[in-house]
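What you are looking at is a predicted structure, and each value in this text was computed from that prediction instead of being measured.
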Amino acid sequence: SSRVLWTLAVTQFKFPNMGSEFAATNATIGSVGTIIFAVLTVVGLILVQVIPNKDKGLNRLLVSTTGFCLWIIWFTTFMFQANPVVGPPVRPAPEH
């Protein structure tokens with residue numbers, strides 16, 4: 001029943017100011033999450049350039065690697081929750 005509730009919650013979610021016909025799906029939620037991580041990574045790379053430090057090349061590498069690793073962890077967790085491979089076993093109802 002929780003999977004049914006989750007499916008209803010995801011399919012009934014409406015983005016504001018996008019019209020009543022636009023419902024969120026796994027693809028749109030995944031795209032929004034990917035854009036958020038990309039923006040955060042770019043902001044980090046801009047901060048590396050602005051803040052004075054000795055080794056900007058190393059810091060750019062660290063920020064971009066951190067952004068990618070955080071995104072891949074979020075993305076795999078999101079995909080496993082959105083499309084579970086293993087579910088609870090279905091047992092036939094007992095006969096009375």
- Side chain to side chain, Phe68 and Thr41, heavy atoms closer than 4.5 Å: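 Contact flag for Phe68/Thr41 side chains = no.
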- Query: In terms of the angle between their ring planes, are Phe78 and Phe75 parallel, tilted or perpendicular, with boundaries placed at 30° and 60°?
  - Reply: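 Plane angle between 30° and 60°, so tilted.
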- Run through Val48, Val42, Leu47, Leu40 and flag the one making a side chain to side chain contact (heavy atoms under 4.5 Å, CB included) with Val63.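 Filter result, single survivor: Val48.
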- Task: Answer yes if Leu70 and Trp74 sit in the same cluster of Ile, Leu, Val, Met, Phe, Trp and Tyr residues linked by side chain heavy atoms under 4.5 Å apart, and no otherwise.
- Result: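 Shared cluster, yes.
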- Considering non-hydrogen atoms only, spot the tightest contact between Ile73 and Thr76 and give its length.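 Closest approach of Ile73 to Thr76: O-OG1, 3.1 Å.
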- Work out which heavy atom in Gln49 is nearest to a heavy atom in Lys56; give both atom names and the distance.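 Result for this residue pair: O-NZ, 2.9 Å.
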- Is a side-chain donor or acceptor of Ser64 paired with a backbone partner of Leu61 at a separation under 3.5 angstrom?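 Yes, Ser64 side chain to Leu61 backbone: donor-acceptor pair under 3.5 Å.
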- Spacing of CE belonging to Met79 relative to CD1 belonging to Ile72, to within rounding of 0.5 Å: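 If we round to the nearest 0.5 Å, Met79:CE and Ile72:CD1 are 11.0 Å apart.
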